[in-house]
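Worksheet: one structure, shown below.
Every number for a ligand or one of its atoms is a count from 1 in the order of the listing.
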Amino acid sequence: AAQTLGELRTAVEQFGGCSLKAGVKNNVVCDGAFHAEVMIVGEAPGGEEDAQGLPFVGRAGKLLEKMVATIGLSRAENVYITNLIYWRPPGNRDPSPVEMQTCAPFLARQIELKAPKLLLTAGKFATQAMLGTEDGIMRLRGRKLRFTQEGLPAPIPCIPMLHPAYLLRRPEDKAKAWDDLRTIAALCDELNVPRGAGL
Ligand code: URA
């Protein structure tokens, strides 16, 4: 029922229906430019995110920031960032299907309220959950897909990206991520989504 992103954040903070919450320091809801037209959806907070209460502020987050900065996107100016899950899974394990389903209505409402022009899903979990597919991330990355949801006036263009935590483990795949960023930059321009000059 949240009418604004601020109300939605409060609703997540007050929510008692996810068992992950018992073991965390902070809720990690969202961050970034309020009016951004690009929305990045990641997986779940890690240790640094839990400590700071902000998404993508640890090592993977720093790499994500560097990646999108190359095409003139930043959370200070034109990107809004959230996750599938708002509480850190213990030991950074994968989020469970129940946890993803529990958090899904909050994400759906964030998308309705934010109405981004472009969605970027980071990694397998966000991509599969949002696009309702079991196809692998290597097959879907860099493709121009469409996100649909009941109540949205039109599908939202969506491009899956390799997760920055994966790229930290497999730097040899960074060239693929760079190709995908070029696709993202071109689609931003096609959609008249503002971005800076890039690097
Ligand atoms: N990985 C994610 O998917 N999200 C975060 O917020 C941090 C790391």
Side-chain angles (χ1 to χ4, degrees), residues 5 8-9 12-13 15 18 20-21 23-34 36 38-69 73-104 106-111 114 116 118-133 135-138 140-142 145 147 158-171 173-174 176-177 180-181 184:
L5 289 168
L8 187 123
R9 180 194 282 267
V12 172
E13 288 166 1
F15 182 67
C18 183
L20 289 174
K21 206 168 180 173
V24 303
K25 294 197 190 80
N26 275 303
N27 306 285
V28 179
V29 187
C30 57
D31 191 27
F34 189 76
V38 179
M39 179 167 175
I40 299 180
V41 182
E43 188 179 311
E48 195 55 36
E49 287 76 19
D50 183 39
Q52 293 190 36
L54 291 169
F56 280 111
V57 289
R59 268 183 83 217
K62 295 209 165 73
L63 176 57
L64 179 68
E65 288 201 332
K66 275 195 200 157
M67 288 164 66
V68 298
L73 296 177
S74 72
R75 71 173 96 195
E77 283 179 44
N78 44 27
V79 169
Y80 176 89
I81 303 180
T82 187
N83 281 308
L84 285 184
I85 307 276
Y86 308 106
W87 304 282
R88 180 194 187 192
N92 298 340
R93 66 157 167 74
D94 293 343
S96 75
V98 170
E99 288 155 4
M100 290 192 273
Q101 277 159 23
T102 304
C103 293
F106 292 114
L107 180 58
R109 188 68 182 141
Q110 273 193 93
I111 293 171
K114 191 80 201 62
L118 176 59
L119 271 165
L120 304 175
T121 52
K124 169 180 110 167
F125 284 95
T127 301
Q128 292 184 338
M130 296 206 42
L131 296 172
T133 176
D135 285 354
I137 184 68
M138 279 301 169
L140 296 174
R141 53 155 272 267
L145 304 170
F147 170 82
C158 176
I159 299 186
M161 305 168 62
L162 294 177
H163 197 288
Y166 168 84
L167 292 169
L168 287 172
R169 293 193 303 272
R170 293 285 302 266
D173 275 342
K174 281 188 182 170
K176 295 188 178 85
D180 299 346
L181 285 165
I184 292 165

>> Heavy-atom distances under 4.0 Å decide this one: backbone, side chain, both or neither, for A122 against ligand 1?
In response: neither

>> Taking the ring centre of each residue, are F15 and Y86 less than 6.0 Å apart?
In response: no

> How close do A36 and Y80 get, heavy atom to heavy atom, and via which atoms?
Replying inline: CB-N, 3.6 Å

> So which of G61, P55, G46, A44 gets nearest to atom 5 (C) of ligand 1, if we judge by its closest heavy atom?
Replying inline: A44

> Hey, what do you get for CE (M100) to CG (L107), rounding to the nearest 0.5 Å?
Replying inline: 12.0 Å

> Taking only residues two or more places apart in sequence, or in another chain, which ones meet R93 in a salt bridge (Lys or Arg N to Asp or Glu O under 4.0 Å)?
Replying inline: E99

>> So does F34 get a backbone contact from the side chain of K114, meaning a donor-acceptor N/O pair under 3.5 Å?
In response: yes

> Of the backbone atoms (N, CA, C, O) and the side-chain heavy atoms from C-beta on, which set of E43 has a member under 4.0 Å from an atom of ligand 1: side chain, backbone, both, or neither?
Replying inline: both

> Should you measure from each heavy atom of G42, which atoms of ligand 1 turn up under 4.0 Å away?
Replying inline: 3 (O)

> Quick one: nearest non-hydrogen protein atom to atom 4 (N) of ligand 1, plus distance?
Replying inline: N83 OD1, 2.8 Å

>> For ligand 1 and H163, I'd like to know whether there is a polar contact (N/O to N/O, distance under 3.5 Å).
In response: yes

